[in-house]
Trainee: 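Pasting in a structure now, in structure tokens, and then I'll have a few things to ask.
So that the names make sense, note that chain A is the first sequence line, chain B the second, and so on, each numbered from 1. Just so it is clear, the model here is predicted, and its values are computed rather than measured.
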2 protein chains.
Amino acid sequence: MDKNSTPLITLNQSLHASGRRMTSQRALVLKILEESTEHLDAETIWERAKAQDERINLATIYRTLIVLKEMRMVDLRYFARDHKREIYEPTSKPEHYHFTCTKCGNITEFSTNRINRMRSQLQNEIGVVLTHTCVCLEGYCHRCAEKNTHNTE
Amino acid sequence: MDKNSTPLITLNQSLHASGRRMTSQRALVLKILEESTEHLDAETIWERAKAQDERINLATIYRTLIVLKEMRMVDLRYFARDHKREIYEPTSKPEHYHFTCTKCGNITEFSTNRINRMRSQLQNEIGVVLTHTCVCLEGYCHRCAEKNTHNTE
DNA sequence: TTCATTGCAAAATTTTTGCATACGA
DNA sequence: TCGTATGCAAAAATTTTGCAATGAA
């Protein structure tokens, strides 16, 4: 909302604005997401949360993530290889997309305005309002592509 | 492979080429996918298959879909709203993408070469070889966007 | 004090696996 | 016949839910 707000303050405001309450668990999950440079799924978040609060329950993590999503503090992402598993990232992170190398398994982030341009062109072309765009890319990274001129998969 | 081949013949060839066997279940699942104009998940495929073969098991559906995917007879897709659930489509269908309206729930298919162009540009830009691109779009369809100038979600 | 939130355990959902039997080539 | 594929049941993996107890405002 406000340029001076930290994510925690923003969350606090959003929670109260919707008749919800700030709890230590919610603050903790948000902090973990904000501080992490890695991609976190619910279970990983749980493991990190337990280091701070050994009683915290996995169900609480899931419920908290739903609330954080509603408060627009986190985004859900998916990886091409493991689409079923939800990955959570703070919305404070600049918009980006993921590329998964099917050979070495590395997941790299990249950002490009090509996707944004495509997005707005598509909005006009198919006549809809896009609120969410998911782009998952999969293939061979530069290094693996070189070693691998003959691809079976 | 060959212009004269039906999907069933192609499957048969691919199966044999990889030391696998054609079975009535595999033929049936492929037929269901080829004939359907809707989006099918594993359970729906199972229901339709049972109409033809009441003994067929859901585990067989899953195993068959894995094989059909390996034989490149089906593609896996996802919808923005329900990312976790896999949707299977025959590769004989022309390439297309899905847009989900979060208001009315309708899923529409569209195809555009914008995405293909973006794809090849991205390949160069980030220096990778893309083997799979997943694009899920979500938002408001034309009709719902009109009724809905004020959007909460 | 009040009601949203949590912890716990149990259930739900979707997909995978082990194993004996059936069946395609 | 030989070994792949199936059916069945049980397990695995991930997420959700019911409910009594807790705790924020």
Side-chain angles (χ1 to χ4, degrees), chain A residues 8-9 11-30 32 39-47 49-71 73-74 76-79 81-88, chain B residues 8-9 11-32 39-71 73-74 76-79 81-88:
Chain A
L8 186 60
I9 293 172
L11 174 60
N12 197 13
Q13 291 170 346
S14 304
L15 286 172
H16 283 86
S18 59
R20 276 171 251 243
R21 289 169 187 174
M22 175 57 84
T23 66
S24 61
Q25 292 91 338
R26 288 174 178 174
L28 176 57
V29 170
L30 180 61
I32 288 167
H39 300 113
L40 303 178
D41 59 29
E43 203 176 348
T44 310
I45 295 167
W46 184 40
E47 278 156 17
K50 277 192 292 190
Q52 303 284 119
D53 172 3
E54 59 178 19
R55 303 200 97 49
I56 198 168
N57 195 277
L58 180 56
T60 302
I61 304 294
Y62 277 109
R63 283 186 285 225
T64 300
L65 289 167
I66 291 167
V67 171
L68 292 179
K69 189 166 55 161
E70 282 170 6
M71 301 296 105
M73 304 303 291
V74 304
L76 268 172
R77 302 298 178 101
Y78 299 87
F79 297 145
R81 261 291 121 150
D82 197 8
H83 243 278
K84 287 176 284 195
R85 186 112 205 200
E86 296 178 337
I87 298 296
Y88 303 87
Chain B
L8 185 60
I9 293 172
L11 174 59
N12 196 13
Q13 291 170 347
S14 303
L15 286 172
H16 283 87
S18 60
R20 277 171 249 242
R21 290 169 188 172
M22 174 58 83
T23 67
S24 62
Q25 293 89 339
R26 288 175 178 174
L28 176 56
V29 170
L30 180 62
K31 178 165 156 278
I32 288 166
H39 299 113
L40 303 178
D41 58 30
E43 205 176 347
T44 309
I45 295 168
W46 186 39
E47 279 157 15
R48 298 196 182 185
K50 278 192 292 190
Q52 303 284 117
D53 172 2
E54 59 177 19
R55 304 200 98 47
I56 199 168
N57 195 275
L58 181 55
T60 302
I61 303 295
Y62 278 108
R63 284 187 284 223
T64 300
L65 288 168
I66 291 168
V67 171
L68 291 181
K69 189 166 56 165
E70 282 170 8
M71 300 298 104
M73 303 303 292
V74 304
L76 268 172
R77 302 299 177 102
Y78 299 87
F79 298 145
R81 262 292 123 149
D82 196 8
H83 243 279
K84 286 177 284 194
R85 188 112 204 202
E86 296 178 338
I87 298 295
Y88 302 87

Trainee: Which letter, B, S or -, goes with each nucleotide of nucleotides 18-25 of chain D from 5' to 3', with contact meaning a protein heavy atom under 4.0 Å?
Mentor: B----BBS

Trainee: Within this structure, what is the CG-to-P distance between A/Leu58 and D/dA13, rounded to whole angstrom?
Mentor: 14 Å

Trainee: Given C/dT5, D/dG7, C/dT16, identify the nucleotide with an atom nearest to the side chain of B/Ile66.
Mentor: C/dT16

Trainee: Using atom types as modelled and distance alone, determine if a side-chain donor or acceptor of A/Arg26 lies under 3.5 Å from a backbone N or O of A/Arg21.
Mentor: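 It does hold such a pair.
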
Trainee: Judged by each residue's nearest nucleotide on DNA chain C, which is more toward the 5′ side, A/Asn57 or B/Asn57?
Mentor: A/Asn57

Trainee: Can you give the donor-acceptor pairs under 3.5 Å from side chains of residues 41-53 of chain B to other protein atoms, not counting sequence neighbours?
Mentor:
from	atom 1	to	atom 2	distance (Å)
B/Asp41	OD1	B/Glu43	N	3.2
B/Asp41	OD1	B/Thr44	N	2.8
B/Asp41	OD1	B/Thr44	OG1	2.7
B/Asp41	OD2	B/Arg85	NE	3.4
B/Glu43	OE1	B/Arg85	NH2	3.4
B/Trp46	NE1	B/Ile56	O	2.9
B/Arg48	NH2	B/Glu38	OE1	3.1
B/Arg48	NH2	B/Glu38	OE2	3.3
B/Asp53	OD1	B/Arg55	N	3.1

Trainee: Rounded at 0.5 Å granularity, tell me how far CE in B/Met73 sits from CG in B/Leu15.
Mentor: 9.0 Å

Trainee: Roughly how far, to the nearest 0.5 Å, is the CG atom of A/Leu28 from the OG1 atom of A/Thr64?
Mentor: 9.0 Å

Trainee: Tell me the interatomic distance from A/Ile87, atom CD1, to D/dT15, atom C1', rounded to whole angstroms.
Mentor: 14 Å

Trainee: Rounded to the nearest 0.5 Å, what's the gap from OG on A/Ser14 to CZ on A/Arg20? Could you check?
Mentor: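 Going from the OG atom of A/Ser14 to the CZ atom of A/Arg20 covers 9.5 Å.
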
Trainee: Whole angstrom is fine here: how far is it from CD1 in B/Ile45 over to P in C/dT15?
Mentor: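 Rounded to the whole Å, the gap is 10 Å.
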
Trainee: When rounded to the nearest 0.5 angstrom, what is the spacing between CD1 in B/Ile32 and CD1 in B/Ile61?
Mentor: 6.5 Å

Trainee: B/Arg26 CZ to C/dC23 P: how many Å, rounded?
Mentor: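 Going from CZ in B/Arg26 over to P in C/dC23 covers 15 Å.
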
Trainee: Between A/Trp46 (CH2) and D/dA13 (P), how many Å, whole number?
Mentor: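 These atoms are roughly 14 Å apart.
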
Trainee: Nearest 0.5 Å, please: how far is CG in A/Leu68 from CG in A/Leu76?
Mentor: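 Output value for this atom pair is 11.0 Å.
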
Trainee: Search all heavy atoms of B/Leu8 against all heavy atoms of B/Met22 and return the closest pair with its distance.
Mentor: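 Minimum heavy-atom separation between B/Leu8 and B/Met22: CD1-CE, 3.7 Å.
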
Trainee: Once you round it to whole Å, what is the distance between C1' of D/dA13 and OH of B/Tyr62?
Mentor: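 To the nearest whole Å, that distance equals 12 Å.
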
Trainee: For the pair made of CD1 in B/Ile61 and C1' in C/dT14, what is the distance, rounded to whole Å?
Mentor: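 In whole Å, C/dT14 C1' and B/Ile61 CD1 are 14 Å from each other.
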
Trainee: For the atom pair CG (B/Leu65) and NZ (B/Lys69), what is the distance rounded to the nearest 0.5 Å?
Mentor: 8.5 Å

Trainee: Work out how much the helix from C/dT1-D/dA25 to C/dA25-D/dT1 bends between its end axes, five pairs an end, to the nearest 10 degrees.
Mentor: 40°

Trainee: C/dC23, OP1 or OP2 - any side-chain N/O from B/Gln25 closer than 4.0 Å?
Mentor: no

Trainee: Of all the choices, C/dT6, D/dG7, D/dA5, which nucleotide is nearest to the side chain of B/Thr60 once you look at every atom?
Mentor: D/dG7

Trainee: Nearest whole Å is fine: how far is D/dG3 C1' from B/Leu15 CG?
Mentor: 15 Å

